[in-house]
Amino acid sequence: MQGITLYLIRAISIAILVSLGLVEARRTVDNMNVIDKCWRTNPDWRRNRRQLATCTVGFAGKMTNNIGRDVVDYKVTDSGDDDPLNPRPGTLRYAMTDLKGKVWITFKRSMSITLAKPLLVSSFTTIDGRGVNVHIENGGCLLLKKVTNVIVHGLYIHDCKPQEPGPVKGPGGEIVHLGPMDGDAIRVVTSSKIWIDHCTMYDCVDGLIDVTRGSTEITISNNWFRFQDKVMLLGHDDGFRRDVNMRVTVAFNHFGPNCIQRMPRIRFGYAHVVNNLHLGWGIYAIGGSMTPSIKSQSNLFIAPKGGNKEITWDSNANGNFKSIEDVFENGASFTTSVDKDAAMRPNYGADQTFEVEDGRRVRALTKSAGALKCPKISRC
């Protein structure tokens, strides 16, 4: 009888623990944003890495051009970058220069990569850092120039340095003569259909992300930007009018601590800034010039304790700034410059649209922003 009682107690205890675990898992899932729910709920994500390409939202649209039977799987085994003109097999640069077609890049182990020259990323490339800790640091960083269909996911990119002009081997083995580089983490030039997701970026000499010279169809999501003066520039300069066609979605990112400005700054084009956490700012959070259109929707703005409480900055006083259902704390203030009835819709297509969450949930939606810590056996 005593044995039966102990058995029942043990069975009930196990049932309670399982139930509590399911409840906790449910809470975690409920707190995920729409991108993360798409793949992070799959405990077998390592065997289904390409599911990621179906999960993006916003202007980049679904990245299904990056998957299919013709994808080449490449694993980085060598963290070196000794010769940018003749990269060794196993290095990250070799995948960009010597492989053709669609390439899905993963990493054998955690590693730190110091690039001797900027890395020219090729079209139809996915850099997938999930499951390990990959740092690109203390050298050149990523350059996406005249490319399309690129996913950059799960990297730490920091301490990027200015680069002298010079030759470097690029996609298809072509030798490219690059001009000087300012020291950005990711520079996107004349490129389209780009998704930058779950990266952690900080402490670069110039900025963290630049989207310039006619680039469009961009989604920047789930990233953690910190310890940076100039964070994100959308639009080349005041004279480059081709950027009027630029369309960028900035969603579920965590800005801060110690970010000063450009979260983002946009020229000419359109930015949908949605469900982001802005943890303070120095000069401003969202800025623009040359008649940009910026729809700020359901973000959480936490003003710094001292200093500037105003979120926006418009260098020409002719921008279209609109705040819809944003949440303001610590006295944060948003100056709207369009009629209250102006919709400023992003006009997303079927593969771009997503449901915007309540701004009061932004803390939960951005809790996992940045490169993820993924257990070896479990959900990410």
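Below, each value reflects all heavy atoms present in this structure, side chains not excepted, and no hydrogens, waters or symmetry copies.
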Please name the pair of heavy atoms, one in [X] and one in [Y], separated by the smallest distance, quoted to 0.1 Å.
X    : Y    : answer
R46  : K376 : NE-O, 3.3 Å
P292 : S289 : CD-O, 3.2 Å
G207 : Q228 : CA-NE2, 3.8 Å
G331 : A303 : C-CB, 4.3 Å

Could you tell me if [Y] and [X] have a donor-acceptor pair between their side chains, going purely by distance under 3.5 Å?
X    : Y    : result
E137 : S112 : yes
T335 : E310 : yes
W104 : N66  : no

Determine if the SG-SG distance between C55 and C38 falls under 2.5 Å.
yes

Would you check if the side chain of [X] reaches a backbone N or O of [Y] as a donor-acceptor pair within less than 3.5 Å?
X    : Y    : result
N308 : I283 : yes
D206 : D182 : no
T125 : V121 : no
D243 : G214 : yes
K169 : D98  : no
D81  : L115 : no
N330 : P304 : no
Y74  : G90  : yes
T216 : N245 : yes
H153 : T126 : no

Requested in this report: Using a strict 4.0 Å threshold on nitrogen-to-oxygen distance, state whether R50 and D73 make a salt bridge.
Outcome: yes

Self-check item: Salt bridge E329-R363, side-chain N to carboxylate O under 4.0 Å
Solution: yes

Surrounding [atom1] of [X] (heavy atoms of other residues, nucleotides or ligands, distance under 6.0 Å), is the total greater than 12?
X    : atom1 : result
K161 : NZ    : yes
K145 : NZ    : no
R241 : CZ    : no
K230 : NZ    : no

First locate atom [atom1] of [X], then atom [atom2] of [Y], and finally report the distance between them rounded to the nearest 0.5 Å.
X    : Y    : atom1 : atom2 : value
N86  : Y94  : CG    : OH    : 10.0 Å
R187 : L120 : CZ    : CG    : 11.0 Å
E217 : S215 : CD    : OG    : 10.5 Å
L279 : I302 : CG    : CD1   : 5.5 Å
H198 : L52  : NE2   : CG    : 9.0 Å
S337 : F321 : OG    : CZ    : 6.0 Å

Any side-chain heavy-atom pair from [X] and [Y] closer than 4.5 angstrom?
X    : Y    : answer
S296 : F301 : yes
C141 : Q163 : no
I196 : M201 : yes
W195 : V152 : no
L208 : D184 : no
F124 : T148 : yes
W224 : L277 : no
Y270 : T249 : no

Plane angle bin for W313 and Y284 - parallel if under 30°, tilted between 30 and 60°, otherwise perpendicular
parallel

side-chain contact (heavy atoms from CB on, under 4.5 Å) with P264: of V273, V231, L233, only one passes, and it is V273

In R109, R88, R93, K108, the residue satisfying salt bridge (Lys or Arg N to Asp or Glu O under 4.0 Å) with D78 is R88

Of D237, D238, D314, the one forming a salt bridge (Lys or Arg N to Asp or Glu O under 4.0 Å) with R267 is D238

Is it possible for you to say whether V211 and V274 belong to one hydrophobic cluster, with membership spreading through side-chain heavy-atom contacts below 4.5 Å?
no

For residues I266 and I311: do they belong to one hydrophobic cluster (side chain heavy atoms under 4.5 Å, members Ile, Leu, Val, Met, Phe, Trp, Tyr)?
yes

Aromatic centroids of F59 and Y348 separated by under 6.0 Å: yes

ask   = Are R130 and W39 in a cation-pi contact, defined as NZ or CZ under 6.0 Å from the six-membered ring centre and within 45° of the axis?
value = yes

_A cation-pi test, strictly: NZ or CZ of R49 under 6.0 Å from the centre of the six-membered ring of W45 and no more than 45 degrees from its axis. Yes or no?_
no

Please report the C-alpha distance between Q261 and D229 in whole Å, then the side-chain angles of each, then the deciding distance to 0.1 Å, and finally whether the side chain to side chain donor-acceptor pair (under 3.5 Å) criterion is met.
CA-CA 6 Å; Q261 60 182 315; D229 178 3; 2.8 Å; yes

Do N149 and S123 pass the side chain to side chain donor-acceptor pair (under 3.5 Å) test, and can you show the C-alpha distance, the side-chain angles, and the key distance before you say yes or no?
CA-CA 6 Å; N149 292 276; S123 292; over 6 Å; no

| request: Run the numbers on D36 and N222 for side-chain contact (heavy atoms from CB on, under 4.5 Å), then give the verdict. | output: CA-CA 9 Å; D36 285 353; N222 288 310; 3.7 Å; yes

query: How far apart are the C-alpha atoms of K102 and D70, what are their side-chain angles, what is the distance that settles it, and do they pass the salt bridge (Lys or Arg N to Asp or Glu O under 4.0 Å) test?
result: CA-CA 7 Å; K102 302 177 183 180; D70 53 344; 3.5 Å; yes

Exercise for review: Assess whether side-chain contact (heavy atoms from CB on, under 4.5 Å) is satisfied between L119 and L92, documenting all intermediate values.
Suggested key: CA-CA 9 Å; L119 181 71; L92 178 58; 3.6 Å; yes

Next on the checklist: As a quick check of understanding, evaluate disulfide (SG to SG under 2.5 Å) for C380 and C374, giving each step before the final call.
Outcome noted: CA-CA 4 Å; C380 192; C374 297; 1.8 Å; yes

side-chain contact (heavy atoms from CB on, under 4.5 Å) between Q51 and N42: does it pass, once the steps are laid out? CA-CA 10 Å; Q51 179 186 1; N42 182 356; 3.2 Å; yes

Using the rule given for side chain to side chain donor-acceptor pair (under 3.5 Å), can you reason through D197 versus S221, listing the C-alpha separation, both sets of side-chain angles and the distance that settles it, and then say yes or no? CA-CA 5 Å; D197 187 59; S221 58; 2.6 Å; yes

Using the side-chain contact (heavy atoms from CB on, under 4.5 Å) rule, take R247 and I218 through it: C-alpha gap first, then chi angles, then the decisive distance, then the call.
CA-CA 7 Å; R247 301 290 182 267; I218 314 288; over 6 Å; no

